[in-house]
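Report on one structure; see the data block that follows.
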2 protein chains.
Amino acid sequence: MWRRPTLKQVAEKAGVSLGMAGRVLGNYGYYSKSTKKKVLDASKAINYTPNVIARSLRTRLTRTIGVLISDITTFFWTTLVRGIQDKAGKAGFSVILCNSDEESENERLYLSTLFERNVDGLIVSPTLHNHSYLKKLARGMVPIVLVDRRVKGLRVPTIKTDNQAGAYEAVNHLIALGHDRIAIITGIAGVETSDERFAGYRKALEEKGIPFRKTLIKEGNFQKDQALAATKELLRMKRTPSAIFVCNEPMVSGCILALKESGLRIPEDIAVIGFDDPVWASYTNPPLTTVSQPSYTIGILAFDYVLAQISNIKKDRKYLEDVILKPTLVIRESCGIRLKDHEVHPAQKNP
Amino acid sequence: MWRRPTLKQVAEKAGVSLGMAGRVLGNYGYYSKSTKKKVLDASKAINYTPNVIARSLRTRLTRTIGVLISDITTFFWTTLVRGIQDKAGKAGFSVILCNSDEESENERLYLSTLFERNVDGLIVSPTLHNHSYLKKLARGMVPIVLVDRRVKGLRVPTIKTDNQAGAYEAVNHLIALGHDRIAIITGIAGVETSDERFAGYRKALEEKGIPFRKTLIKEGNFQKDQALAATKELLRMKRTPSAIFVCNEPMVSGCILALKESGLRIPEDIAVIGFDDPVWASYTNPPLTTVSQPSYTIGILAFDYVLAQISNIKKDRKYLEDVILKPTLVIRESCGIRLKDHEVHPAQKNP
DNA sequence: TTGTACGCGTTATCAG
DNA sequence: CTGATAACGCGTACAA
């Protein structure tokens, strides 16, 4: 099998020492114009490319970061990862991508292989359980930035959106349109993202004095199928909800599917509001009203923040703090037409 | 800064030689039960993990593959990549992901950094121009598998779907429904995928004796915006098309958007048929009829095929040949109701 | 300005 | 069974 040319071969070809060749190719130290030319020519002649592995062993730097998220397949993560990659590419970093599928086992596994591969930094969206290994890594073993969710007891910069605010706004929108039986399909309970969105839901209801009914709360797992099942359960109730707040993109898919199957019209028979704003949100019938997160930006920032840690720019305290981005409500048609202010639901008590 | 424990430290702690420690931890060669225990204990005690970089330098193997596609953000690629990752993860391989955005410049750039990083194999979807570097790499420098598209003059196993057949089936479907002014929004001309789909379009028309009009052909760039513009142009024609065949997912988005803006109803005023079957295809109004590609499977196979090359299982000639998967037409409602056989368009000439 | 020599952490060979 | 010891390819302190 073919073997790549080495610095040594360049040096021989150029008739200089190995160290000399290294200096001009690495562009450091002193060297004369003439040797520079000799080395460069030799390098080109034999098609030399540096061996990054050897360099890494020496410098202890790989210019690689590991990214561990739940599932590249969902819109939120795809765009977030694209953000990371774009920024990383420009900075000369490669990114190794892993999907945990929300399984702590996978998280643990990937985290350790990533660490063994000497990545310079890690961008992680932690699963629900067993963060012991993550915490261990965070104790100075490798720079880490969290995205989307924090972990209790882990002091690591986190880039995320204000989920509670997003959910609050969504549910308020529903209330303003006259809804008072608002169901919610949450994500996995315990995951910060879910809990915050649920909190926003609850806060909105409480503020307007709308009764909070346990039967209207369904726990999903962030995935389509379970949301579909949950929606069906909701529809089997004696008094069905007048609106459903679905806490992420794959789950809205499931919900809409269930609604379609049951022949219900949106929003006439039941309103739907989602979280995450994928391209297809404008194409549904009717177009989906939803909370939009700046996922691409989160990716960009996440990379900036690991890079800051890697480069040790800790002087800038900014890079040690969390950043919490504001989501925005994108109003389309799946909740019906917005009523005038004076037409808000009578149940509203706090002005 | 913290430094990871090394084999040497394990050896010292265990009171054995470096070579010994290496043998038991690497599980090769001979060692006694007692030294095994000593080494294992020491390893655990100081939390040893092997340094993959050093190993790679020695073995010349990185257990890493590079994946270079156009854009992780589109459905086809996301699922394909997920296929690769799933298979790679199980095989103990990491994957470095890069987006070319269909720019040869980026391709060249990423290809070289991937190569310098000593990836064991490469899965690439080549851009249109300038494959000189790719060809160079393919000359025994690193195992390569192509996905989605071939490159002229490059003898490398390629995993793709039969685009012509897919397009042919799509257009035939349209014709069977009585359409005779069928527009097409193609991908980038010259890219094999596009050309094949175009060929399928043309073949279907010719077979049924439907006139082939240049004005009904718009070249897109695989992206949403340009397809949107193209659709608008189509609608500005004196005689607008009765149906549009749009050659990939992001472009269907653009097309539908344009149609919506113009107030046209699908399929009453104009039919739409797409290529690629993203989740949202069932949610559009009406649900989108489209050609579905087995993208996840392509990813799986692609990894199998590079791995075969890496492991040198070339004895199995199977792994040297292209595999061309059959797409399937998913009929929903964006082309209208299927007519009975005897109702096919009168222009049909060849039974 | 140039060359020498050592170290990075493993794997693997070769005597004992 | 075990212990030295030589690569792997590159960076860099040190000497010349």
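In this text the structure is predicted, and so the values were computed from the model without any measurement. Reminder, nothing fancy here: chain letters follow the sequence lines and each chain counts from 1.
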Sequence neighbours excluded and cut-off under 3.5 Å, please list the side-chain donor-acceptor pairs for residues 4-21 of chain A, or say none.
from	atom 1	to	atom 2	distance (Å)
A:R4	NH1	B:F115	O	3.2
A:R4	NH1	B:N118	OD1	2.5
A:R4	NH2	A:T49	OG1	2.9
A:T6	OG1	A:K8	N	3.2
A:T6	OG1	A:Q9	N	3.3
A:S17	OG	A:M20	N	3.1

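Between B:L61 atom CG and C:dA12 atom C1' there is a gap of 15 Å when expressed in whole angstrom units. Rounded to whole Å, atom C1' of C:dC8 lies 13 Å from atom CD of B:Q9. The separation between A:I53 atom CD1 and D:dG11 atom C1' is 16 Å, rounded to whole Å. Rounded to an integer number of Å, the gap from B:R63 CZ to C:dT10 C1' is 16 Å.
Within the 3.5 Å criterion, the main-chain N or O of A:T62 finds a donor-acceptor partner in the side chain of A:T64. No donor-acceptor pair under 3.5 Å is formed between the side chain of A:R117 and the backbone N or O of B:N51. No donor-acceptor pair under 3.5 Å is formed between the side chain of B:N99 and the backbone N or O of B:D101. Of the possible polar contacts, none joining the B:T59 side chain to the B:L57 backbone as a donor-acceptor pair under 3.5 Å is found. At least one donor-acceptor pair closer than 3.5 Å links the side chain of A:E107 to the backbone N or O of A:T127.
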What N/O pairs connect the protein and nucleotides 6-9 of chain D at under 3.5 Å? Give each pair on its own line.
from	atom 1	to	atom 2	distance (Å)
D:dA7	N3	B:R58	NH1	3.4
D:dC8	O3'	B:R60	NH1	3.4
D:dG9	OP1	B:R60	NH1	3.2
D:dG9	N2	A:A54	O	3.4

Please write out each protein N/O paired with an N/O of nucleotides 1-4 of chain D under 3.5 Å, distance rounded to 0.1 Å.
from	atom 1	to	atom 2	distance (Å)
D:dT2	OP1	B:S32	OG	3.0
D:dT2	OP2	B:S32	N	2.8
D:dT2	OP2	B:S32	OG	3.4
D:dT2	OP2	B:T35	OG1	3.0
D:dG3	OP2	B:S17	N	3.3
D:dG3	OP2	B:S17	OG	3.4
D:dG3	N7	B:R23	NH2	2.7
D:dG3	O6	B:R23	NH1	3.1

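For A:Y305, the ring pair (Phe, Tyr, Trp, His ring centres under 6.0 Å) test picks out A:Y319, with sequence neighbours left out. Residues forming a salt bridge (charged side-chain N to carboxylate O under 4.0 Å, His left out) with A:E192 (at least two apart in sequence, or on another chain): A:R150, A:K160.
Checked options B:L114, B:V145, B:I310, B:V142; the residue passing with B:I65 is B:I310 (criterion: side-chain contact (heavy atoms from CB on, under 4.5 Å)).
Both tests hold for A:R108 against A:Y133: distance to the six-membered ring centre under 6.0 Å, angle to the ring axis within 45°.
Five base pairs at each end of the helix from C:dT1-D:dA16 to C:dG16-D:dC1 define two local axes, and these are offset by 50° (rounded to 10°).
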